[in-house]
Amino acid sequence: MGEGFLIRELPDGGSEFVLDEPALSYLRIDHRSKLQFGATELAIGTPFTLEVNGLTHRLDPQRWDGLGPLVALFPGTLRWLWTSPHGRLTAVFKNGATMTVVPDPVSRAWSVGSVSCLPAGPDRPA
């Protein structure tokens with residue numbers, strides 16, 4: 001676990017990220033939204049959804065004035081982090097919040113350490 005996480009293959013062909021430290025250390029907001037879990041950085045570069053207490057928030061990392069629901073995850077702890085075979089990243093927190101990032105046709109939607117979602121392209125399903 002050199003990067004602070006281990007990757008496990010899931011039966012459906014997706015991947016699970018098992019973090020050394022699942023507690024959210026801090027958040028950083030610039031042109032991407034970055035969540036730090038110990039040595040592991042989860043970066044989001046495209047619009048995403050965050051469901052908290054039954055409310056779905058559509059957030060954009062470059063619209064800083066609307067990122068309150070993301071910031072409210074701190075302090076928090078990640079329960080499960082995985083990606084589908086087609087690149088949809090899902091993060092579930094112990095408080096029940098669920099964040100989903102889908103692949104983008106032209107830019108990297110997300111990265112976990114050095115693992116990132118390449119652009120989806122016109123013929124790659126999300």
Side-chain angles (χ1 to χ4, degrees):
M1 287 199 206
E3 288 191 87
F5 63 91
L6 169 74
I7 300 176
R8 273 193 261 194
E9 189 173 329
L10 297 172
D12 69 356
S15 299
E16 176 185 12
F17 297 92
V18 181
L19 306 186
D20 288 348
E21 179 53 57
L24 183 57
S25 307
Y26 61 87
L27 292 111
R28 189 171 91 198
I29 308 295
D30 50 30
H31 63 284
R32 296 183 296 168
S33 295
K34 300 171 187 168
L35 295 84
Q36 193 72 35
F37 299 92
T40 304
E41 178 185 81
L42 165 57
I44 304 167
T46 59
F48 61 100
T49 59
L50 177 63
E51 185 179 323
V52 182
N53 298 325
L55 294 174
T56 300
H57 305 275
R58 286 167 178 62
L59 305 178
D60 185 334
Q62 296 185 24
R63 303 235 15 214
W64 307 289
D65 59 340
L67 293 175
L70 177 69
V71 174
L73 290 176
F74 185 83
T77 302
L78 199 59
R79 179 182 303 246
W80 197 26
L81 178 63
W82 78 95
T83 183
S84 75
H86 302 295
R88 178 186 304 261
L89 183 79
T90 304
V92 177
F93 290 80
K94 285 193 176 179
N95 69 355
T98 301
M99 182 169 52
T100 306
V101 187
V102 297
D104 186 80
V106 295
S107 58
R108 292 179 192 256
W110 58 263
S111 64
V112 176
S114 63
V115 177
S116 61
C117 180
L118 298 175
D123 58 357
R124 188 168 159 210

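Each residue takes its place number in the sequence, starting with 1. We use all heavy atoms of the structure for the numbers below, so side chains are in, but hydrogens, waters and symmetry mates are not.
A pairwise comparison of heavy atoms in F74 and S25 identifies CE1-O, 3.2 Å as the closest pair. Pairing each heavy atom of Q36 with each of A39, the nearest pair is NE2-C, 3.5 Å. Closest approach of E3 to T40, counting heavy atoms only: O-OG1, 3.2 Å. Here the closest heavy-atom approach between residue D12 and residue P85 is recorded as O-CG, 3.0 Å. The shortest heavy-atom contact between L67 and P61 is CD1-O, 3.9 Å. Taking both residues in full, the closest heavy atoms of A109 and P103 are given as CB-CA, 4.1 Å, listed atom of the first, atom of the second, then distance.
The side-chain heavy atoms of R8 and L10, taken from C-beta on, include no pair separated by under 4.5 Å. Looking at heavy atoms from C-beta onward, L73 lies out of side-chain contact with L27 at the 4.5 angstrom threshold. At least one side-chain heavy atom of R88 sits under 4.5 Å from a side-chain heavy atom of T100. By the 4.5 Å heavy-atom criterion applied to side chains, L70 and L35 are counted as neighbours. Under the 4.5 Å side-chain criterion, counting only non-hydrogen atoms from C-beta, Q62 is in contact with D60. A heavy-atom distance below 4.5 Å is not found between the side chains of T90 and W80.
Hydrophobic clustering, with ILVMFWY side chains joined whenever heavy atoms are under 4.5 angstrom apart, keeps V92 apart from M99. Taking hydrophobic clusters as Ile, Leu, Val, Met, Phe, Trp and Tyr residues chained together by side-chain heavy-atom distances below 4.5 Å, L118 does not share a cluster with W82. Following chains of ILVMFWY side-chain contacts shorter than 4.5 Å, one cannot reach V71 starting from L24, and the two form parts of different hydrophobic clusters.
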Using the side-chain contact (heavy atoms from CB on, under 4.5 Å) rule, take L42 and L89 through it: C-alpha gap first, then chi angles, then the decisive distance, then the call. CA-CA 10 Å; L42 165 57; L89 183 79; 3.5 Å; yes
May I have the step-by-step check of side-chain contact (heavy atoms from CB on, under 4.5 Å) for T46 and V102, ending in yes or no? CA-CA 8 Å; T46 59; V102 297; over 6 Å; no
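In terms of the side chain to side chain contact (heavy atoms under 4.5 Å, CB included) criterion, residue partners of K34 (sequence neighbours excluded) are, by chain and number, R28, D30, R32, E41, A43. Residues satisfying the side chain to side chain contact (heavy atoms under 4.5 Å, CB included) test with V115, not counting sequence neighbours, are F5, I7, F17, W110.
Within the model, atoms CZ of F93 and OG1 of T77 stand 9.0 Å from one another, a figure rounded to the nearest 0.5 Å.
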